[in-house]
J.: 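Next up is a structure, given as structure tokens.
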Amino acid sequence: MTEQTTAGRLVAVVVTHNRLDQLKCTVARLLESPQSHLAGLVVVDNASSDDTAAWLSGVADPRVDVVRSETNLGGAGGFEKGLRHAVHAFAPDWMVVMDDDARPEPGALAAFHAEPRGEREAWAGAVRYPDGRICDMNRPWINPFWHKRAFLRSLWSGRDGFHLSLQDYDRKGPCAVDGGSFVGLFLSRRAIERAGYPDGRLFIYGDDVLYTLSISAMGGRIAFDPRVRFEHDCGTLTEGVRVLRPLWKVYYFHRNQLMVYRMAAGPVLFWPVFLVKWLKWRARARHYGADRKAYLRLLAHAVRDGVRHRRNRRHAAVLRRVGSGTG
């Protein structure tokens, strides 16, 4: 493979926490690729308490580099830690990130290497459930506040108005996007140089949206390539009102969403968006039953920190708020 047709040195970063069966499948799938397609695999063991550490210690492939965290850093913290380690340990040209229950389909990494990739700072793959349906949570998107037509479509169609469609997944070639998820996302060294690393303080939810939006806002270019296919063996999103469990997730989801809306909409349009969302989130309390007061308490803290752009609240403090009756 000539230099013109290869992406360069690729390293995968996988974050895992207590899902050993899934991790085994993902590691096996990644290591099926030859070293020319996958130079290294960084596995961030996010304080797993099952047999993950013991199993990883027995993986013989020299490409595997295990990074153990003694505390659970959340997905955001795990990806920041893993990407930092990958850059310093492997000096890659590209890194591809995924959860422990997500993995490239056979031939996906070869498809990535089959085309020149240097004209973009990041590439998003096409993520599907194992049964072939498009994985909604991993659909790449364009920022509706930057694109008038997408904004108008989103008024009628919600998230379908600014996320890629089934027709986009059937394309023969790539298309430009503003962001994607941390499943099947290929990040170049230039992306890291331009936007830094993901912010681990976000813990979970929205870290990938904020990070890829930052790349685009700073002039980086992201594209979706439907020929680079991944599978995500996760539960499908249920229709209707989303009730977050465990309850502590309420804090991170809403705080980080406000940060996403501020970056996407800008400082002026953020406030009308905030008002609409605040009213919607307050009304959702009725779906939490006996946990209604705890939901509203966590929501209040999330809104306060989100508006103030506060990212340094420790996870232990969030857990205390779940059972606390104080403001």
Side-chain angles (χ1 to χ4, degrees), residues 7-15 42 74-88 90-99 102 112 115-127 137-147 150-151 159 162-164 168 173-226 228 230 256-267 269-270 309 311:
R9 186 173 173 84
L10 175 66
V11 172
V13 176
V14 177
V15 177
V42 175
F79 282 119
E80 180 185 358
K81 192 177 188 72
L83 286 168
R84 287 184 183 276
H85 184 83
V87 167
H88 292 295
F90 290 94
D93 300 297
W94 288 89
M95 291 155 286
V96 58
V97 294
M98 66 203 76
D99 295 326
F112 180 76
E115 300 288 340
R117 300 293 175 178
E119 74 273 16
R120 306 282 181 171
E121 276 69 36
W123 290 87
V127 185
M137 72 176 73
N138 301 130
R139 278 194 293 165
W141 44 271
I142 58 176
N143 182 1
F145 297 97
W146 294 348
H147 306 276
F151 180 80
R159 60 184 278 113
F162 59 93
H163 283 77
L164 295 190
D168 293 310
C175 64
V177 295
D178 293 324
S181 74
F182 281 167
V183 171
L185 180 71
F186 295 79
L187 296 168
S188 67
R189 284 290 295 274
R190 296 199 317 275
I192 301 294
E193 292 164 1
R194 186 181 295 268
Y197 292 94
D199 190 340
R201 296 173 298 175
L202 296 169
F203 199 75
I204 60 169
Y205 296 130
D207 49 315
D208 45 8
V209 178
L210 281 167
Y211 185 65
T212 52
L213 191 59
S214 294
I215 294 173
S216 294
M218 294 178 181
R221 295 154 299 175
I222 306 175
F224 166 72
D225 191 339
V228 181
F230 279 69
N256 296 354
Q257 282 285 295
L258 288 178
M259 295 179 186
V260 167
Y261 294 140
R262 185 188 293 275
M263 179 175 286
L269 290 178
F270 167 75
H309 226 67
R311 305 182 183 208

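Just so you know, these numbers use all the heavy atoms, side chains as well, and skip hydrogens, waters and symmetry mates. Everything quoted here is computed from the prediction, not taken from an experiment.
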J.: Any sub-3.5 Å donor-acceptor pair from R262's side-chain atoms to F270's backbone N or O?
T.: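 No, R262 side chain to F270 backbone: no donor-acceptor pair under 3.5 Å.
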J.: Under the 3.5 angstrom rule, does the side chain of N138 hit a backbone N or O of S181 as a donor-acceptor pair?
T.: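 Checked: no pair found.
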J.: Got a donor-acceptor contact below 3.5 angstrom from the R117 side chain to the S188 backbone?
T.: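 Flag not set: sc R117 to bb S188 has no pair under 3.5 Å.
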J.: Donor-acceptor check, side chain of E80 to backbone of G200, threshold 3.5 angstrom: yes or no?
T.: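 Flag set: sc E80 to bb G200 pair under 3.5 Å.
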J.: Between CZ of R311 and CG of D207, what distance do you get to the nearest 0.5 Å?
T.: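 With rounding to 0.5 Å, CZ (R311) is 10.5 Å from CG (D207).
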J.: Do other residues, nucleotides or ligands put more than 12 heavy atoms under 6.0 Å from Y197 OH?
T.: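 Check passes, neighbour count above 12.
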J.: Going by heavy atoms in the side chains, are V228 and W123 under 4.5 Å from each other?
T.: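 No. Closest side-chain heavy atoms not under 4.5 Å.
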J.: Roughly how far apart are E121 CD and T212 OG1, rounded to 0.5 Å?
T.: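 So the CD of E121 and the OG1 of T212 are separated by 13.0 Å.
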J.: Decide yes or no for M137 and V183: does some side-chain heavy atom of the first lie under 4.5 Å from some side-chain heavy atom of the second?
T.: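 SC-SC contact between M137 and V183 ruled out.
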J.: How about F203 and N256: do any of their side-chain heavy atoms sit closer than 4.5 Å?
T.: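 No, side chains not in contact.
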J.: Is there a donor-acceptor pair closer than 3.5 Å between any side-chain N or O of D178 and the backbone N or O of N143?
T.: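 Such a contact is found between D178 side chain and N143 backbone.
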J.: Are side-chain heavy atoms of P140 and I222 found at a separation under 4.5 Å?
T.: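 In short, these two side chains do not touch, never coming nearer than 4.5 Å.
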J.: Using 30° and 60° as the class limits, which term best fits the ring planes of F186 and F112: parallel, tilted or perpendicular?
T.: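 Taking F112 first and then F186, their aromatic rings lie parallel (interplane angle under 30°).
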J.: Can you tell me how far the CE atom of M95 sits from the CZ atom of F79, to the nearest 0.5 Å?
T.: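 Rounded to the nearest 0.5 Å, the CE-CZ separation comes out at 12.5 Å.
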J.: Backbone N or O of R9 within a donor-acceptor pair of the D93 side chain at under 3.5 Å?
T.: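 Answer holds: yes.
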